[in-house]
Amino acid sequence: MAKEAPEKFTKPYQPQEVEPAIYKKWAESDFFNPDQLPPSPAGTPRTESYTIIMPPPNANGSLHAGHAVFVTLEDLLIRYNRMRGKKTLWLPGADHAGFETQVVYEKKLEKEGRTRFGMQPSVLRNEILQFTMANKSFMEGQMRQLGASCDWNREKFTLEPDIVAIVYDTFKKLYADNLLYRGDRIVNWCSKHQTSLSNLETNRISRKDPFYYFQYGPFVIGTVRPETKFGDKYVVMHPSDARYAQYKEGDQMELEWINGPIIATVIKDEASDPEVGSGVMTITPWHSGIDFEIARRHNLPYEQIIDERGKLLPIAGEFAGLNIKDARAKVVEKLQAKGLVVKVDEEYVHEVPVCYKCEREIEPQVKRQWFVKAKELAQPAIEAIERGDIVFYPDHFKKILLNWLSGIEDWNISRQIVWGIPIPAWYKHNGESEEVFVGEEAPGEGWERDPDTFDTWFSSGQWPFATLGFPNANDFKTFYPTQVMETGGDLIFFWVARMIMLGLYRTGKVPFSTVYLHGMVTSKDGKKMSKSKGNVISPLEMSEKFGTDALRMGLIIGNTPGTPTALYDDKIKSYKLFANKLWNIARFVLSQEKTGDIKPEFKQEFDTLAREVTEDIEQYRFYMAAEKLYHYVWDRFAAEIVEESKGKPEYSASLYYILENSLKLLHPFMPFITEEIWGSLPAPTQESGQPRRLLMVEPWPFN
RNA sequence: GCACCCUUAGCUCAGUUGGUUAGAGCGCACCCUUCACACGGGUGAGGCCUCAGGUUCGAAUCCUGAAGGGUGCACCA
């Protein structure tokens, strides 16, 4: 029994002193690289691959709590499978994050009193590139701090030439397969950011606005947007609305309107809801999706009323040049003076789309842009998901995804921003007609390059196969399809759905067999973290304060898939105490000579724990596995077994057995402290002179 | 409008395929500086598992309905 534990154990565990050195050891071993892994612990070669493609963080800031969750969960899976003898690849990356990054950079410009409008595109692009690259390397350092055992040799960035080449191939193939078109369609236009956005990049907010009823010839029409009504020469009603049966499609009449008399034409269309307002509406096809569709069905002309900055065009006559907000009151005033206001409902509540970044109202505009025929791409995805090719955690995300895919609409992938992958298309104009060429180089003289860039999700959607070097690289052959896609639940449509669709389209296979979606990390009161609320918890600060292992445990325990998790000081602190408990157990065990035999009842009890923990990990119940380990180590091992063993040297073999194997089970959860203690254990093969292996490649203690 | 989720201890939440006395963390009360650890140890209080039916030998768990709360999607004039 008489023996001294190593000196360092006499002090409380100091994660700050231990962690950087441990990470350095791992990195130097090169075991993050699947090609450099030693034979599996059982001595057999690692044949079965296990791959996770890391969600590439937006390289425009610092790692936040959400990043820390994915690093923790993915690292857990990777470390577990590495110990199980798989050929494990965790492929890191970074995302240029088009619009997201441009918005961040524009805010920075604003602070400096500058604006992107009027800047040379190439100058702006270069500035953002430098900004992005600086952030990228900063974030990589942070990821190391969190213990990420990813293969840095294989790191990818979305703007690297080989990635861009694959994205271009996909674009060309979609065009050739008639799954992509360029057309004049309603887009979601943000008048602050001066770009179109996909449906997913808009939010809806509920608002109360006056609903006006105007006399329009013999009809009363209802609208919340009087300022758009200048060009409204078509009056629409439902074909079976009995109140208007006397009017026939195509009937024309002269009537008094905002800026004088106009000729109005009757249109019958089922899109007009008899229940809403008076059941009659006029249409503004250039600035409303539903009106646009009506105009298309009836082959009506459409005309722009509002410009890209939200100001009225000359069609508005005396109101031209006014901002639409100011124009509304003035138009109503004029109609009032003309006696055309029938009534106003001040209590009308409706939902308006806003830009998800600036919350400014979206102004629908007709623009000539690129659209992916999403329905066609979604169909194979729906079939694969229904077939069960992909398992979802939590399970109900499958329903949510299927519901979204079944109602999917064409995807606008053109963005009017410089920070992105340029769209490889060229146009030649001959009067009204336009010739289109898809390719990186102009096909000849007189061609004009598309000035737009891709929606960033168009490239991210190809990430799993693009990073692995589709179609010919060995990595693609070895590691695709991947095993797990672990990311935030908020990315299910933006990213997961697109990866499934584009992965199936390009490779014929689903890109991953399991999707695990974690919930948002909130502050203690369950609120979303935001800078304006001042409730942001920085994972790096927590890691410095309590140790990365404690942070990781805090992010795992209580974190069920899909459900928001609260993160706060006290919670992480309690796992720092746990780390210290483990440290002291090690001190106690190491103060004894290893003698006697392992008691079968302890072995059996431990085996049960190992089996349960293994099953929990296999079933993605990490929170439960972590809790069981926590309780076994603290309440059983420390509180009972260690106590019972005091003064009984014959227990020491059992203590060593339990400690060693507990370290193995805990390693995926708390990699630093377990590796550190492991390094202080007596080498099992002292006589053979073999140096002790790193814990990260030790065999998992359950099969 | 369509879809999805939630309701369990003061708070935040677990509870895996239905199976003894329903659990954890934090908080709370009281006690203990005992030789691995005060970054510790011990003891304890606290629950008609939202409600109403049903299935079952047995329901927090499965089914139906109600009430309350939350989220996502969507071309609402």
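Sequence lines set the chain letters: A, B, ... in the order given, protein chains first and strands last, and positions in each chain run from 1. These numbers were taken from a predicted model, which means no experiment stands behind them.
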Check: Is atom CD of A:Glu7 surrounded by more than 12 heavy atoms (other residues, nucleotides or ligands) closer than 6.0 Å?
Finding: no
Next item on the list: Would you indicate whether A:Lys268, at its atom NZ, is surrounded by more than 12 heavy atoms from other residues, nucleotides or ligands within a distance under 6.0 Å?
Entry: yes
Check: Are any of A:His350's side-chain N or O atoms less than 4.0 Å away from OP1 or OP2 of B:A77?
Finding: yes
Next item on the list: Give one of base, sugar-phosphate or nothing for A:Ile585, where a contact means two heavy atoms less than 4.0 Å apart.
Entry: base
Notebook entry, point to check: Taking a pair as Watson-Crick or G-U wobble with both distances under 3.5 Å, which nucleotide is matched to B:U7?
Noted result: B:A67
Margin query: If I pick the P atom on B:U34 and the same atom on B:G41, what distance separates them, to the nearest angstrom?
Written below: 14 Å
Notebook entry, point to check: In whole angstrom, what separates A:Asn580's CG from B:G40's C1'?
Noted result: 9 Å
Notebook entry, point to check: B:G40 P sits how many Å from A:Glu640 CD, rounded?
Noted result: 18 Å
Notebook entry, point to check: When the C1' atoms of B:C11 and B:C28 are considered, how many whole Å apart are they?
Noted result: 12 Å
Note to self: Before we go on, tell me: are the rings of A:Tyr575 and A:Tyr630 under 6.0 Å apart, centre to centre?
What the structure shows: yes
Next item on the list: Quick one: label A:Thr565 by what it contacts on the DNA or RNA (base, sugar-phosphate, nothing), any heavy atom closer than 4.0 Å.
Entry: nothing
Next item on the list: Mind listing the closest non-hydrogen atom pair of A:Asp184 and A:Phe292 along with its distance?
Entry: O-CZ, 3.5 Å
Check: Just to confirm, is there a sub-4.0 Å distance from OP1 or OP2 of B:A14 to any side-chain nitrogen or oxygen of A:Thr560?
Finding: yes
Note to self: Is it the case that the side chain of A:Asp241 and the backbone of A:Pro274 share a donor-acceptor pair, with hydrogens and angles ignored and the cut-off at 3.5 Å?
What the structure shows: no
Checklist line | N or O in side chain of A:Lys581 less than 4.0 angstrom from B:G41 OP1/OP2 | finding: yes
Item checked: Sugar-phosphate, base or nothing in reach of A:Ala586, heavy atoms under 4.0 Å -> nothing
Notebook entry, point to check: Once you round it to whole Å, what is the distance between P of B:G40 and CZ of A:Phe578?
Noted result: 12 Å
Check: Is the shortest side-chain N/O distance from A:Lys399 to OP1 or OP2 of B:C5 below 4.0 Å?
Finding: yes
Item checked: Nucleotide nearest A:Asn403 when distance is taken to its side chain, options B:A36, B:G72, B:A24 -> B:G72
Checklist line | Listed nucleotide nearest any side-chain atom of A:Pro12, set B:C37, B:C39, B:A77 | finding: B:C39
Check: Out of B:A77, B:G15, B:A36, which has the shortest distance to the side chain of A:Ala638?
Finding: B:A36
Checklist line | A:Phe588 CZ - B:C35 P separation (whole Å) | finding: 13 Å
Next item on the list: Check whether NZ of the Lys or CZ of the Arg A:Lys343 lies under 6.0 Å from the centre of the six-membered ring of A:Tyr213 and within 45 degrees of that ring's axis.
Entry: yes
Notebook entry, point to check: Counting side-chain heavy atoms from C-beta on, which of B:A36, B:C39, B:C4 comes nearest to A:Val642?
Noted result: B:A36
Margin query: Whether A:Tyr620 contacts B:U16 is assessed here as follows: a side-chain N or O lying under 4.0 Å from the phosphate OP1 or OP2. Is that the case?
Written below: no
Notebook entry, point to check: Under 4.0 angstrom, heavy atoms only, what part of the nucleic acid is A:Asn199 near: base, sugar-phosphate, or nothing?
Noted result: sugar-phosphate
Item checked: Selection from B:G40, B:A14, B:A77 that lies nearest to any side-chain heavy atom of A:Leu577 -> B:G40
Check: Hey, would you say the A:Tyr181 and A:Trp370 ring centroids sit under 6.0 Å apart?
Finding: no
Margin query: When the P atoms of B:U8 and B:G70 are compared, how many Å lie between them, rounded to an integer?
Written below: 15 Å
Check: Base, sugar-phosphate, or nothing for A:Val236, non-hydrogen atoms under 4.0 angstrom?
Finding: nothing
Notebook entry, point to check: B:U71 P sits how many Å from A:Leu517 CG, rounded?
Noted result: 19 Å
Margin query: Suppose you measure atom P in B:U61 against the same atom in B:U16; what distance do you get, rounded to whole Å?
Written below: 11 Å
Checklist line | Interatomic distance at C1', B:G53 relative to B:A22, whole Å | finding: 24 Å
Next item on the list: Calculate the interatomic distance between A:Asp490 atom CG and B:C5 atom C1'; express it in whole Å.
Entry: 16 Å
Check: Can you tell me how far P of B:C26 sits from CD1 of A:Ile572, to the nearest Å?
Finding: 14 Å
Next item on the list: Please report, rounded to the nearest Å, how far the P atom of B:C76 is from the CG atom of A:Asp345.
Entry: 18 Å
Checklist line | Whole-Å P distance, B:U43 and B:C26 | finding: 15 Å
Item checked: C1' atoms of B:U50 and B:U56, separation to the nearest Å -> 23 Å
Note to self: Tell me the closest heavy-atom pair linking A:Lys8 and A:Ser680, and the distance in Å.
What the structure shows: NZ-OG, 2.8 Å
Next item on the list: Looking at every strand, decide which applies to A:Glu615 at a 4.0 Å heavy-atom threshold: base, sugar-phosphate, or nothing.
Entry: nothing
Margin query: Is A:Arg587 close enough to B:C39 that one of its side-chain N or O atoms is under 4.0 Å from OP1 or OP2 there?
Written below: no
Checklist line | Touch class at under 4.0 angstrom, heavy-atom based, for A:Phe493 against every strand present | finding: sugar-phosphate
Checklist line | A:Lys646 vs B:C35: side-chain N/O to OP1/OP2 distance below 4.0 Å | finding: no
Next item on the list: Determine the contact category for A:Ser272: base if any of its heavy atoms lies under 4.0 Å from a base atom, sugar-phosphate if only primed atoms, P, OP1 or OP2 are that close, otherwise nothing.
Entry: base
Note to self: Which label fits A:Phe622 and A:Tyr620: parallel for a plane angle under 30°, tilted from 30 to 60°, or perpendicular past 60°?
What the structure shows: perpendicular
Checklist line | side-chain N/O A:Tyr348 vs B:A77 OP1/OP2, d < 4.0 Å | finding: yes
Margin query: Looking at B:G1, which nucleotide sits across from it as a Watson-Crick or G-U wobble partner, both distances under 3.5 angstrom, or is there none?
Written below: B:C73
Margin query: Looking at B:C28, which nucleotide sits across from it as a Watson-Crick or G-U wobble partner, both distances under 3.5 angstrom, or is there none?
Written below: B:G44
Notebook entry, point to check: 5'-most contact on RNA chain B: A:Ser574 or A:Val224, nearest heavy atom basis?
Noted result: A:Ser574
Next item on the list: Would you classify A:Glu618 as touching base, sugar-phosphate or nothing, given that sugar-phosphate means primed atoms plus P, OP1 and OP2, and contacts are heavy atoms under 4.0 Å?
Entry: nothing
Checklist line | Rounded distance in Å between the P positions of B:C63 and B:G68 | finding: 22 Å
Item checked: Closest-nucleotide 5' rank along RNA chain B - winner of A:His631 and A:Thr563 -> A:Thr563
Check: Within less than 4.0 Å of OP1 or OP2 of B:G25, is there a side-chain N or O belonging to A:Trp634?
Finding: no
Next item on the list: Would you please confirm or rule out a distance under 4.0 Å between OP1 or OP2 of B:C76 and any side-chain N or O of A:Arg204?
Entry: yes
